[in-house]
Amino acid sequence: MKENGLLLVNLGSPEEPTVPAVKHYLNEFLGDPNVITMPPALWQPILKGMILPFRSKSSAATYRHCWLPDGSPLIVNTANLTKRVQEYLPDWDVRMAMTYEHPAIDETLRAMKKECRHITVLSLFPHFTQSTTQSIIEQVRAVDPAIRVIDRFADEPDYLQVLATHIQEAWEQREYDRLVIAYHGIPVSMVKHGDPYQEETERTTTKLRQLLAIDDEQIIMTYQSKFGPMPWLQPYLKDEILEEIKRGHKKLLVVVPSFVTDCLETIEEDQVENHQRFLDHGGEVFDVVPALNDRPEFAQFLAHFAQQQAALPEGGAL
């Protein structure tokens with residue numbers, strides 16, 4: 001039996017790029033009350049009767065377009081990251097799980113409890129928000145309330161330096177007019193109810209401005225991936241990139257710190273949809289910085305951070 005285990009948790013993905021598989025995934029994902037806070041009695045008829053029948057078909061086509069030989073990009077990239085972190089923690093048992101679909105958090109934790117004396121769960125979402133991190137915490141607590149959960153890491157200096165170096169390397173590849181930092185959006189209503197996400201993302205942008213050798217006026221902050229009719233955090237990436245064209249800024253570099261592994265949002269939404277939208281309206285260059293994925297410096301940060309947190313007394317984690 002090993003002394004320590006580390007479980008890296010990401011969002012999840014359909015098991016295959018088919019309509020039934022995507023429908024099953026979306027039903028689990030959008031049925032989570034932490035994601036959609038509307039009362040279930042009101043939301044479930046909308047989800048079952050309107051969202052799933054139409055969105056499943058279009059999403060399946062999008063997944064097919066970016067599907068890799070070994071599976072979903074999010075799953076493949078998270079698996080590669082997990083292997084890399086394991087290399088930096090040879091005495092630990094390092095595994096991955098997903099909030100939705102497989103490998104499931106509860107099943108993986110129960111298996112790890114048979115092999116490890118102490119388990120640390122690390123959310124792969126740098127910032128805390130109800131719509132992602134809270135569901136991880138609840139699923140872990142349902143298995144064992146004593147398991148330590150690291151629920152954010154965006155303020156860690158080592159992480160910020162890794163991210164800044166990664167961005168700077170991309171910025172120096174060619175001449176850009178603007179660096180667009182795009183975070184995954186959340187509903188404004190969540191922020192009004194105390195969700196710290198907006199404050200945390202703004203803090204990350206402030207830190208990156210300090211670390212990057214890029215003129216301050218060349219950096220803008222946006223949010224992407226809006227879902228549904230309710231207002232989300234703004235400015236919206238898809239609108240802001242068109243405003244940049246009007247300002248004469250036709251060469252953009254986009255980075256999405258919310259995603260540590262490339263997935264549907266970074267590949268299809270940004271590299272395909274937003275890229276084409278930008279070009280169609282007169283833009284010239286729209287490059288997207290790859291996610292950190294299994295970059296050695298990032299894997300090393302996660303390994304060291306997990307070690308530091310596991311060494312803290314109970315209640316000392318973030």
Self-check item: Single-linkage hydrophobic cluster, 4.5 Å side-chain cutoff, I186 and M230 together
Solution: no
Practice problem: Output, in order, the C-alpha distance, side-chain angles, deciding distance and verdict of ring pair (Phe, Tyr, Trp, His ring centres under 6.0 Å) for F153 and F301. | Solution: CA-CA 10 Å; F153 54 85; F301 158 73; 5.8 Å; yes
Exercise. Hey, could you give me each pair passing ring-ring contact (aromatic ring centres under 6.0 Å, His included) that has a residue in residues 5-58? Not counting sequence neighbours.
Key: Y25-F29, F29-Y100
Quiz item: Does Q271 offer a backbone N or O that forms a donor-acceptor pair with the side chain of E268 under 3.5 Å?
Solution: no
Quiz item: Are Q139 and T99 linked by a side-chain donor-acceptor pair shorter than 3.5 Å?
Solution: no
Self-check item: Q224 and E265: CA distance, side-chain angles, deciding distance, side-chain hydrogen bond (donor to acceptor under 3.5 Å, both in side chains) verdict
Solution: CA-CA 9 Å; Q224 67 172 70; E265 286 84 355; over 6 Å; no
Exercise. Go through the steps for Y183 and H127 under the test ring pair (Phe, Tyr, Trp, His ring centres under 6.0 Å), then give the verdict.
Key: CA-CA 10 Å; Y183 299 92; H127 309 91; 5.6 Å; yes
Quiz item: Is the backbone of D216 close enough, under 3.5 Å, to the side chain of R209 for a donor and an acceptor to pair up by distance?
Solution: yes
Return all side-chain donor-acceptor pairs below 3.5 angstrom for residues 236-244, not counting sequence neighbours, or 'none' if the list is empty.
| from | atom 1 | to | atom 2 | distance (Å) |
| --- | --- | --- | --- | --- |
| Y236 | OH | W232 | N | 3.1 |
| Y236 | OH | W232 | O | 3.4 |
| E240 | OE2 | R247 | NH1 | 3.1 |
| E243 | OE2 | K246 | NZ | 3.3 |
| E244 | OE1 | H249 | ND1 | 2.6 |
| E244 | OE2 | R247 | NH1 | 2.4 |

Exercise. Please check if V162 and V256 belong to a single hydrophobic cluster, counting links between Ile, Leu, Val, Met, Phe, Trp and Tyr side chain heavy atoms closer than 4.5 Å.
Key: no
Practice problem: May I have the step-by-step check of salt bridge (charged side-chain N to carboxylate O under 4.0 Å, His left out) for R203 and D155, ending in yes or no? | Solution: CA-CA 8 Å; R203 195 160 60 236; D155 285 332; 2.7 Å; yes
Quiz item: Which atom pair, heavy atoms only, marks the closest approach of C116 to I119?
Solution: CB-CG1, 4.1 Å
Quiz item: Okay, side chain of E16, backbone of A21: is any donor-acceptor separation there less than 3.5 Å?
Solution: no
Quiz item: Which pair of heavy atoms, one from V94 and one from Q86, lies closest together, and at what distance?
Solution: N-OE1, 2.9 Å
Quiz item: Which heavy atom of D177 sits nearest a heavy atom of K250, and at what distance?
Solution: OD2-N, 2.9 Å
Exercise. Take Y197 and V191 through the test side chain to side chain contact (heavy atoms under 4.5 Å, CB included) and record every step on the way to the result.
Key: CA-CA 7 Å; Y197 183 73; V191 177; 5.6 Å; no
Quiz item: Do the side chains of D106 and R110 get nearer than 4.5 Å, heavy atoms only?
Solution: yes
Quiz item: Does T201 use its side chain to pair, donor to acceptor, with the backbone of Q198 at less than 3.5 Å?
Solution: yes
Exercise. Assess whether salt bridge (charged side-chain N to carboxylate O under 4.0 Å, His left out) is satisfied between R295 and E169, documenting all intermediate values.
Key: CA-CA 13 Å; R295 187 179 173 105; E169 290 175 357; 3.0 Å; yes
Quiz prompt | side chain to side chain contact (heavy atoms under 4.5 Å, CB included) partner of V140, the single match among V9, V149, D151, L7 | solution = V149
Quiz item: Any idea which heavy atoms bring W92 and A306 closest together, and the distance?
Solution: CH2-O, 3.9 Å
Quiz prompt | Side chain R84, main chain D294, donor-acceptor under 3.5 Å | solution = yes
Quiz item: In a check of side chain to side chain contact (heavy atoms under 4.5 Å, CB included) between V254 and each of V289, V180, T222, D287, which one passes?
Solution: V180
Quiz prompt | Steps toward side chain to side chain contact (heavy atoms under 4.5 Å, CB included) verdict (Q130, T37) | solution = CA-CA 10 Å; Q130 173 188 333; T37 57; 3.4 Å; yes
Exercise. Could you tell me which non-hydrogen atom of T18 sits nearest to which non-hydrogen atom of A60, and how far apart they are?
Key: C-CB, 3.8 Å
Practice problem: Apply the side chain to side chain contact (heavy atoms under 4.5 Å, CB included) test between L302 and each candidate in V260, T82, L122, L6; give the one that qualifies. | Solution: L122
Self-check item: Donor-acceptor pair, side chain of T266 and main chain of C263, under 3.5 angstrom
Solution: yes
Quiz item: Do V288 and L163 sit in the same hydrophobic cluster, where Ile, Leu, Val, Met, Phe, Trp and Tyr count as joined when their side-chain heavy atoms come under 4.5 Å apart?
Solution: no
Quiz item: Does one hydrophobic cluster hold both L160 and L292, with members joined at side-chain heavy-atom distances below 4.5 Å?
Solution: yes
Quiz item: If we only count heavy atoms from C-beta on, is the M1 to R117 side-chain gap below 4.5 Å?
Solution: yes
Practice problem: Give a yes or no on whether the backbone of T129 and the side-chain of D195 come within a donor-acceptor separation of less than 3.5 Å. | Solution: no
Quiz item: Do you know the tightest heavy-atom contact between N293 and T261?
Solution: OD1-CA, 3.2 Å
Exercise. For the pair K23 (side chain) and L52 (backbone), establish whether a donor and an acceptor sit closer than 3.5 Å, ignoring hydrogens and angles.
Key: no
Self-check item: side chain to side chain contact (heavy atoms under 4.5 Å, CB included) assessment of N274 paired with E269
Solution: CA-CA 6 Å; N274 285 326; E269 182 179 357; 3.9 Å; yes
Exercise. Indicate yes or no for a side-chain donor-acceptor contact from D215 to the backbone of E217 under 3.5 Å, with no hydrogens or angles considered.
Key: no
Self-check item: Shared hydrophobic cluster, V85 / F259 (ILVMFWY, side-chain heavy atoms < 4.5 Å)
Solution: no
Quiz prompt | Any side-chain heavy-atom pair of T204 and K207 under 4.5 Å | solution = no
Quiz item: Given N4 and L89, is the side chain to side chain contact (heavy atoms under 4.5 Å, CB included) satisfied, shown in steps?
Solution: CA-CA 10 Å; N4 289 293; L89 294 172; over 6 Å; no
Quiz item: Of L253, L252, I214, which is the lone residue that meets side chain to side chain contact (heavy atoms under 4.5 Å, CB included) with R178?
Solution: L252
Quiz item: Is there a side-chain contact between Q161 and D158 (heavy atoms, below 4.5 Å)?
Solution: no
Quiz prompt | Any donor-acceptor pair under 3.5 Å from Y223 side chain to L233 backbone | solution = no
